[in-house]
Asks: 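Here it is, the structure, as C-alpha cells.
Residues take their numbers from the sequence shown, with the count starting at 1.
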Amino acid sequence: MRSSSGLKGRAVAWGLSLLLGVSLGQAPASALELTGYSEDLPPFAYLENGEHRGLANELMDRISQRTGLAIKRLNMPWARSLRDAANDPNSVLYITVRTPEREPQYLWIGPVDACDVVLMKLRRRADLKFDPQHSGPPIQIGASRGAPAVQMLRDAGVVDADIYQTPRSEISVRMLYADRLDMLAGLQLPSAFTAQRNGFDPAELQVIHVLKPGLGCYFAFNPKVDPQLLAQFRKGFEEIRSSGELQMLREMYLRNPGLVHR
C-alpha cells in the first residue's frame with residue numbers, strides 16, 4: 001500500500017515539472033537587435049582598422065550605452081545599404097540626407113547636422129563653371145549611386161549623360177583628383193575628409209554651387225521597425241541632444257580643419 005506522503009510528494013514533483021515546462025515554453029524571445037547600414041562617409045561614418053568611427057557611430061555607441069539597445073553595424077556601398085535596409089525591418093540608414101522624395105519612405109531621428117548638398121570642382125580647373133545648358137565640350141559630374149545628389153542634378157537641368165554614378169563617394173573623390181571627373185556633387189565636408197584620407201590636398205576642393213541647402217543628415221529607420229527599438233533610439237538621441245553632448249560631438253568631429261574653403 002502506497003503512503004499518502006509518497007503520493008503527495010510525487011504529485012508536487014509532477015506539478016513543479018509541469019509548471020517549469022510551461023515557464024520554459026513561455027520564456028521571452030531574445031532581445032531585438034537594430035541593424036545600422038552606412039557607407040564610408042567621414043567624418044560622419046567610416047571604418048578604421050575594422051572599427052566603426054565618426055560622429056554618427058559615436059552617437060550610436062552613446063545611445064546604446066544609455067538605453068541598452070543592441071546595435072549591429074554594416075559598412076557597404078550606399079546603393080547596397082539602401083537595398084539591404086529596405087529588406088530588413090529592424091534597420092536604420094545613416095547618415096541619410098532628408099529630402100521631400102525620401103520623407104514618406106522612412107521614420108526620421110535627427111538631425112545630426114545641416115548637410116548642404118553642393119557641387120564642387122578642383123581650384124585648378126578655373127575654366128569650369130556650373131551651366132547646365134552649356135554648349136561646350138561634355139563634362140562629367142560624379143555622384144554616389146543612390147544619393148540624392150543624382151536627382152538634384154537632374155532637377156537643376158543636368159542631363160543624365162553628364163552624370164557619372166559611382167558605387168562609393170570615395171571613388172568619386174579619387175576620380176575628381178585624377179581628372180577623370182570634372183565636378184563632384186555631394187556633401188562638402190565628407191568629400192574634403194575623404195580627399196585628405198587618400199593623400200590629396202583638400203584645399204583644392206572648391207564649392208561652386210549649392211544644389212540644396214540645409215536639408216539635414218538624419219538616422220532613417222525602416223517604417224516597419226519594431227516600435228520599442230525606435231522608442232529606445234529616440235530616447236537616447238534626445239537625451240544626448242538636450243544634454244549638450246551632440247553639440248560637443250559636432251565640434252569634435254565636424255570642426256573645419258582649415259582645409260575647406262569656398
Side-chain angles (χ1 to χ4, degrees), residues 27-48 50-117 144 146-148 169 187 189-190 193 214-254:
S30 59
L32 290 171
E33 182 179 59
L34 182 69
T35 302
Y37 294 88
S38 69
E39 66 166 337
D40 260 354
L41 194 70
F44 294 105
Y46 58 95
L47 281 176
E48 185 176 80
E51 299 289 329
H52 292 275
R53 304 292 190 191
L55 170 58
N57 281 307
E58 176 98 12
L59 277 171
M60 295 176 89
D61 288 340
R62 294 186 181 217
I63 288 169
S64 180
Q65 291 165 5
R66 281 175 177 264
T67 66
L69 180 62
I71 306 175
K72 178 177 73 175
R73 278 166 273 192
L74 300 171
N75 183 292
M76 58 186 69
W78 189 243
R80 184 180 167 192
S81 286
L82 287 170
R83 183 195 66 210
D84 288 3
N87 295 321
D88 182 354
N90 291 326
S91 66
V92 57
L93 282 162
Y94 70 103
I95 286 294
T96 310
V97 176
R98 190 171 184 171
T99 66
E101 295 78 17
R102 286 174 167 175
E103 186 67 33
Q105 299 175 24
Y106 303 103
L107 302 175
W108 303 89
I109 292 181
V112 175
D113 197 53
C115 293
D116 293 346
V117 180
S144 296
S169 55
L187 302 178
L189 199 56
F193 271 79
L215 292 169
C217 289
Y218 285 73
F219 295 100
F221 288 77
N222 187 307
K224 296 180 181 178
V225 66
D226 184 274
Q228 183 179 350
L229 291 179
L230 183 67
Q232 280 183 278
F233 195 99
R234 189 184 302 279
K235 178 178 182 291
F237 181 85
E238 292 301 334
E239 287 180 359
I240 289 170
R241 175 157 57 184
S242 62
S243 70
E245 287 178 71
L246 177 57
Q247 184 58 35
M248 179 195 72
L249 290 172
R250 279 200 191 107
E251 292 171 0
M252 182 192 311
Y253 282 98
L254 306 184

Asks: When you compare the side chain of Tyr37 with that of Asp88, does any pair of heavy atoms fall below 4.5 Å?
Replies: yes
Asks: Are there over 12 heavy-atom neighbours, none belonging to Arg80, within less than 6.0 Å of that residue's CZ?
Replies: no
Asks: As an exercise, state the distance from OH of Tyr106 to OG1 of Thr99, rounded to the nearest 0.5 Å.
Replies: 9.0 Å
Asks: Does Phe219 offer a backbone N or O that forms a donor-acceptor pair with the side chain of Thr96 under 3.5 Å?
Replies: no
Asks: To the nearest 0.5 angstrom, please state how far the CG atom of Asn57 sits from the CG atom of Asp61.
Replies: 6.5 Å
Asks: What donor-acceptor contacts under 3.5 angstrom involve side-chain atoms of residues 38-47, with partners at least two apart or in another chain?
Replies:
residue : atom : partner : partner atom : Å
Asp40   : OD1  : Leu47   : N            : 3.0
Asp40   : OD1  : Asn75   : ND2          : 3.3

Asks: If we only count heavy atoms from C-beta on, is the Leu187 to Asp116 side-chain gap below 4.5 Å?
Replies: no
Asks: For residues 51-82, which residue pairs pass the ring-ring contact (aromatic ring centres under 6.0 Å, His included) check, not counting sequence neighbours?
Replies: none
Asks: Measure the shortest side-chain to side-chain distance between Pro111 and Arg98 over non-hydrogen atoms and say whether it is less than 4.5 angstrom.
Replies: no
Asks: To the nearest 0.5 Å, tell me how far Leu249 CG sits from Ile240 CD1.
Replies: 7.5 Å
Asks: Sequence neighbours excluded, which residues qualify as side chain to side chain donor-acceptor pair (under 3.5 Å) partners of Ser243?
Replies: Glu245
Asks: Is the closest side-chain heavy-atom distance between Glu58 and Arg62 below 4.5 Å?
Replies: yes
Asks: Might you point out which heavy atoms bring Gly36 and Met60 nearest each other, and give the distance in Å?
Replies: CA-CE, 4.4 Å
Asks: Report the C-alpha distance between Asn90 and Leu32 in whole Å, list the side-chain angles of each, state the deciding distance to 0.1 Å, and finish with yes or no for side chain to side chain contact (heavy atoms under 4.5 Å, CB included).
Replies: CA-CA 8 Å; Asn90 291 326; Leu32 290 171; 4.1 Å; yes
Asks: Atom CG in Leu55, atom CD in Glu251: separation rounded to 0.5 Å?
Replies: 11.5 Å
Asks: Quick check: closest heavy atoms across Ile95 and Ala56, and the distance to 0.1 Å?
Replies: CD1-CB, 3.6 Å
Asks: Specify the closest pair of heavy atoms between Val97 and Cys217, including all atoms of both residues, with the distance to one decimal.
Replies: CG2-SG, 4.3 Å
Asks: Return yes if some donor-acceptor pair links the side-chain N/O of Asn222 with the main-chain N/O of Ser91 below 3.5 Å, else return no.
Replies: no
Asks: Before giving the answer on side chain to side chain contact (heavy atoms under 4.5 Å, CB included), spell out for Arg241 and Ile109 the whole-Å C-alpha distance, their side-chain angles and the decisive distance to 0.1 Å.
Replies: CA-CA 11 Å; Arg241 175 157 57 184; Ile109 292 181; over 6 Å; no
Asks: Hey, could you give me the CE/CE distance between Met248 and Met252, rounded to the nearest 0.5 Å?
Replies: 4.5 Å
Asks: Looking at every heavy atom in both Met76 and Leu74, which two are closest together, and how far apart are they?
Replies: CE-CB, 3.7 Å
Asks: Find the distance between CG (Leu34) and CG (Leu69) and round it off to the nearest 0.5 Å.
Replies: 5.5 Å
Asks: Kindly write out the residues that satisfy ring pair (Phe, Tyr, Trp, His ring centres under 6.0 Å) with Tyr218, not counting sequence neighbours, or none if the list is empty.
Replies: Trp108
Asks: Quick check against the 3.5 Å criterion: does Arg250 have a side-chain atom that pairs as donor or acceptor with the backbone of Val112?
Replies: yes
Asks: Taking only residues two or more places apart in sequence or in another chain, which ones pass side chain to side chain donor-acceptor pair (under 3.5 Å) with Gln65?
Replies: none
Asks: Could you give the side-chain donor-acceptor pairs of residues 225-237 under 3.5 Å, partners two or more places apart or in another chain?
Replies:
residue : atom : partner : partner atom : Å
Asp226  : OD1  : Gln228  : N            : 2.9
Gln232  : NE2  : Thr67   : O            : 3.2
Lys235  : NZ   : Glu239  : OE2          : 2.8

